[in-house]
Amino acid sequence: MSDRTYLIKGADLLGTGRTDLLLEDGRIAAVGKLGDAAQAAMIEADGLVALPGLVDLHTHLREPGREDAETISSGSAAAAAGGFTAVLAMANTQPVTDTAEAAERILDLGRAAALVDVQPIGAVTKSLAGEELAELGLMARSRANVRVFSDDGRCVHDARIMRRALEYVKAFGGVISQHAQEPQLAGGSACCHEGELSGRLGLPGWPGVAEEVIVARDVMLARHTGSRVHVAHVSTAGSVEVVRWAKSQGIAVTAEVTPHHLLLTTDLLSGYDPVFKVNPPLRPQEDVDALRAALADGTIDAVATDHAPHARHDKEHAFAEAAFGMLGLEQCLQVVTTTMVQTGRMTWADVAAALSTRPARIAGLAGHGRPLAVDEPANLVLIDPSATGTIDADASQSLSRNNPWHGRTLQGRVHSTFLRGRATLLDGEVQK
Ligand code: DOR
């Protein structure tokens with residue numbers, strides 16, 4: 001990783017106009033029309049848009065336990081390649097991140113990899129078993145300063161436990177990120193969206209309402225407790241309606257959508273390719289349209305990747321047996337550029353809000369999601385929005401290859417990423 005002074009010449013600042021930026025000692029030292037700085041490395045940013053470094057509320061890094069699929073180091077490299085300067089590492093590792101020590105270990109491994117700030121998410125319940133609260137207070141008071149808690153991969157389905165968790169985290173400004181899925185409606189061998197196609201393919205499906213009933217329950221629990229709930233990977237138009245209503249009532253709910261739910265639809269399952277198997281499942285176009293509209297109008301606060309690497313021996317099976325999940329870190333910004341910016345639904349300032357400012361605020365990360373202004377931490381990404389590229393799964397930084405974007409042409413190229421003034425990606429090359 002290069003640790004030096006950078007002069008970025010002529011970047012388009014959040015799409016509002018061209019300017020130069022001087023990065024020095026980890027901060028943005030100057031913004032405006034700047035003369036050459038002798039000791040600075042110059043980056044010609046003609047045609048590049050500068051955004052605050054991206055923050056991912058939902059990343060599976062797999063370490064400890066499944067280092068064959070991803071490590072904190074390889075996942076950090078994928079994050080830097082995607083323009084991220086902070087990622088929240090999900091708790092469903094082996095062992096589960098349900099203690100202060102486990103959370104601190106992830107923090108330390110992230111610092112050692114030093115490509116992105118890795119902020120651990122703590123489990124809501126011990127071993128993700130859904131039966132007993134994990135050490136929420138100890139994790140919050142630990143060096144890892146945990147503020148986001150989630151049993152992701154599983155729903156906190158017991159309403160009494162969800163209520164207690166919300167009450168508990170309120171004391172220290174924490175938030176529960178819920179994988180909304182009613183197990184009685186979505187359990188068993190279900191592996192895709194329930195609809196006409198699942199019937200035709202002979203795959204057991206689960207309906208959108210399995211998500212929606214939990215979102216509805218949880219916003220009422222958030223209202224009752226006065227605490228914050230965050231809905232992970234919202235995937236249906238019905239969930240959007242509930243979140244929109246809850247926000248109109250002043251309930252403290254936030255929500256995220258994944259890149260794959262913004263672009264891919266359930267029709268892709270007709271080839272039974274397990275790369276498209278994900279939880280929650282890909283949905284019909286009507287849901288995709290509702291998710292795009294909700295992201296554009298701010299009902300959905302953030303885009304989060306749900307980057308879910310899987311080793312070949314877990315993923316490359318008959319559809320019904322394959323693991324759930326797909327990669328997301330490296331192509332997230334391109335998918336958002338393709339679906340939201342190119343189509344005129346969002347400006348670059350909107351993208352900065354949805355991929356940096358709001359996720360940083362939801363997670364309580366003070367040094368991220370800041371404006372690109374003098375004296376702010378130099379966390380930023382440069383993207384070339386006019387470039388197009390065909391995605392090659394083998395070019396990934398991830399140790400896994402379950403990339404749903406393989407072979408697709410997406411708009412935009414992540415050019416460079418800076419973490420506190422250090423280049424972690426320079427002209428497309430990760431700086432390890
Ligand atoms: O598809 C998914 N994969 N959804 C989840 O919620 C968990 C994730 C994983 O850990 O693989």
Side-chain angles (χ1 to χ4, degrees), residues 56-72 74-75 78 87-98 106 120-125 127-128 130 148-157 176-183 186-187 189-193 203 205-206 210-211 214-215 230-236 239 255-264 266 268-269 273-283 304-317 319-329 332 398-405:
D56 189 12
L57 286 168
H58 195 145
T59 311
H60 296 275
L61 291 176
R62 304 294 188 223
E63 186 175 359
R66 288 307 305 264
E67 291 84 351
D68 54 333
E70 199 77 287
T71 63
I72 288 180
S74 65
V87 298
L88 280 98
M90 268 299 169
N92 65 340
T93 46
Q94 298 169 11
V96 170
T97 313
D98 56 4
I106 287 165
I121 291 177
V124 178
T125 66
S127 307
L128 308 179
V148 183
F149 297 87
S150 183
D151 276 3
D152 182 66
R154 300 193 189 165
C155 180
V156 181
H157 60 88
I176 306 294
S177 171
Q178 173 70 292
H179 183 134
Q181 203 162 69
E182 215 296 311
S189 53
C191 60
C192 65
H193 173 72
L203 294 172
W206 70 90
E211 176 174 306
I214 294 292
V215 179
H230 176 76
V231 187
H233 41 47
V234 168
S235 73
T236 78
S239 296
E256 69 186 37
V257 62
T258 68
H260 47 271
H261 290 110
L262 283 175
L263 183 53
L264 306 179
T266 188
L268 287 164
L269 271 50
D273 184 343
V275 81
F276 298 118
K277 181 173 173 181
V278 67
N279 178 1
L282 300 179
R283 304 285 189 187
T305 67
D306 197 2
H307 178 81
H310 286 293
R312 286 190 198 277
H313 55 269
D314 292 322
K315 192 64 173 164
E316 291 174 11
H317 287 290
F319 194 90
E321 277 91 53
F324 287 102
M326 43 180 72
L327 301 187
L329 283 168
C332 176
S398 171
L399 296 184
S400 291
R401 291 291 172 265
N402 53 313
N403 189 326
W405 311 110

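Counting starts at 1 for both ligands and their atoms, in listed order. Heads up: numbering here begins at 1 and tracks the sequence. Treat the numbers as computed from the prediction; the structure is a model and nothing was measured.
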Practice task
Let me see the working for V148 and H230 under side chain to side chain contact (heavy atoms under 4.5 Å, CB included), right down to the final yes or no.
Solution key: CA-CA 9 Å; V148 183; H230 176 76; over 6 Å; no
Exercise for the section: Report the residues that fulfil salt bridge (Lys or Arg N to Asp or Glu O under 4.0 Å) with E316, sequence neighbours left out, ordered by chain and then residue number. Expected result: R312
Practice task
May I ask you to say whether D68 pairs ionically with R66, meaning some side-chain N is under 4.0 Å from a carboxylate O?
Solution key: yes
Exercise for the section: Using the six-membered ring wherever Trp is involved, compare the ring planes of W206 and F324 and label them parallel, tilted or perpendicular (cut-offs 30° and 60°). Expected result: perpendicular
Problem - Polar contact flag, side-chain donor to acceptor under 3.5 angstrom, E67-T71 - result: no
Exercise for the section: Test S235 against every option in H261, H193, E211 by the side chain to side chain donor-acceptor pair (under 3.5 Å) rule and name the one that passes. Expected result: E211
Fill in the blank from the handout: Per the under 4.0 Å non-hydrogen criterion, ligand 1 touches H60, R62, N92, D152, G153, H179, H233, V278, N279, D306, A308, H310, F324, G325
